[in-house]
Amino acid sequence: MKKLYLFTLSAFLFALVASAQLDTTGGRYCTENFFSAVTITSNVTYGSAITVNNTTQTLLMDIYQPTGDVAATRGLIVFAHGGSFIGGSKTDQDVTTLATRFAKMGYVTASIEYRLGMGFPIDSLNATKAVVRATQDMKAAVRFFRKDAATTNTYKIDPMFIFVGGSSAGAFMSLHLAYLDRLSEALVWQQNAINAVGGLDGSSGNPGYSSLTNGVINLCGALGDSTWLESGNIPLVSMHGTNDGTVPYGHAMIYVLGFPIMVIDGSSTIKMRADHVGVWNPFHTWNGADHVPYAGTTATAMAYMDSTVDFVR
């Protein structure tokens, strides 16, 4: 009986280890253009939620898959666009380029839309609500793929390899999803704002599944408070320009439409905190660069995009 038990345990551990690895044969996930093309499925519904104007918004995303891929399981990156939580689109050039280039490496990628709008007055309370609403939506997108992996398995996602990231506001969402994981971490007024829009997790869709992820891609983003990042948290990779005039590089005030909102912690401050608590966090500084320098089709922007993809991968 003891031998049978040991055999069963060994088989279970082998299966567990095998399930925690992805096929990287030939450089998949790190080789540019490992696949020559991607297949895009547009406007996939991943949930719905109440907007700042008390209307119901259907939440959509575009899913990018490597064309001709036959892998049984794949890594996933959920990307979100920027726009200060008041604008932007899942079809913005920078986020679609990121989604395409990482899909060509072998990932399944998604570019999500999320609830926009801050309401008036434009202040710290309404800004906090806007960030939380958007983060709730990103969590619903993660749960969508976890639900799919547990049911129809349409997208063949390995739940051990789910990452979130984005530009500017998209990076805010990703960072808050990962590191604001307890309501008690927030200040009392922030807790009130969070509770007013449905709590940290919200109800944007796919209940009953986890919204946990395995890593964060922070491109020109920030956290409300870097102390939310604690020992044992998931790793992150960050890139930020020293002359960012939209999202502060360090600990400073952020403005929306000229209105001062609150002092937040940009990527360099997050870097110091992550180092302090022992969270792995490769960080690249663009010296002299402004906000999201990789956005656009100029030669300079495309060069920044190349360096972005190269560092993140």
Side-chain angles (χ1 to χ4, degrees), residues 77 79-85 88 94-95 98 124 127-128 130-132 134-135 138 163-181 185-187 190 213-256 258-296 300-301 303-313:
I77 307 174
F79 285 112
H81 64 83
S84 300
F85 300 99
D94 60 327
V95 74
L98 289 167
S124 57
T128 297
V131 173
V132 173
T135 305
M138 179 174 268
F163 308 96
V164 291
S167 295
S168 190
F172 270 77
M173 296 156 54
S174 305
L175 291 164
H176 285 79
L177 183 155
Y179 306 124
L180 180 55
D181 50 8
E185 291 180 300
L187 299 174
Q190 293 171 323
T213 60
N214 304 99
V216 172
I217 300 168
N218 163 35
L219 303 176
C220 310
L223 263 173
D225 189 334
S226 62
T227 63
W228 296 339
L229 201 161
E230 299 172 310
S231 178
N233 281 166
I234 61 173
L236 70 153
V237 58
S238 300
M239 305 183 79
H240 211 130
T242 56
N243 289 5
D244 194 322
T246 303
V247 177
Y249 176 74
H251 179 76
M253 178 69 68
I254 189 169
Y255 295 80
V256 175
F259 293 92
I261 300 299
M262 68 181 85
V263 174
I264 60 173
D265 290 333
S267 300
S268 67
T269 305
I270 293 170
K271 165 69 175 172
M272 290 187 288
R273 173 64 181 178
D275 285 346
H276 178 70
V277 299
V279 171
W280 191 64
N281 69 109
F283 176 48
H284 179 79
T285 292
W286 289 304
N287 288 307
D290 201 344
H291 192 55
V292 192
Y294 52 85
T300 299
Y304 274 115
M305 177 60 78
D306 287 342
S307 69
T308 300
V309 171
D310 187 59
F311 190 76
V312 170
R313 72 189 172 107

(Q) Can you give me the closest heavy-atom contact between T269 and S226, atom names plus distance? (A)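 Shortest heavy-atom separation between T269 and S226 comes out as CG2-OG, 3.9 Å.
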
Keeping [X] on the side-chain end and [Y] on the backbone end, is there a donor-acceptor pair under 3.5 Å?
X	Y	value
W228	E185	yes
N218	G165	no
D275	M272	no

Q: Supply the atom-to-atom distance Y304 OH to D290 CG, rounded to the nearest 0.5 angstrom.
A: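 Between atom OH of Y304 and atom CG of D290 there are 9.5 Å.
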
Q. CD1/I217 to OG1/T308 distance, rounded to the nearest 0.5 angstrom?
A.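 If I round to the nearest 0.5 Å, the distance is 11.0 Å.
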
Q | Pair I234-V216, side-chain contact (heavy atoms from CB on, under 4.5 Å): steps then yes or no | A | CA-CA 8 Å; I234 61 173; V216 172; 4.0 Å; yes

Q) Yes or no on side-chain contact (heavy atoms from CB on, under 4.5 Å) for L236 and I270, after CA distance, side-chain angles and deciding distance? A) CA-CA 10 Å; L236 70 153; I270 293 170; 3.8 Å; yes

Q: Tell me, with the steps shown, if L98 and M305 meet side-chain contact (heavy atoms from CB on, under 4.5 Å).
A: CA-CA 8 Å; L98 289 167; M305 177 60 78; 3.7 Å; yes

Q.
Checking side chain to side chain contact (heavy atoms under 4.5 Å, CB included) between H240 and each of V292, V247, T285, which is the one that passes?
A.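 One option only clears the test, and that one is V247.
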
Q. Any side-chain heavy atom of F172 within less than 4.5 Å of one from T135?
A.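 Sidechains of T135 and F172: no contact.
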
Q. Angle class for the Y294/W286 ring planes (parallel below 30°, perpendicular above 60°, tilted otherwise)?
A.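 It falls in the tilted class, 30° to 60°.
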
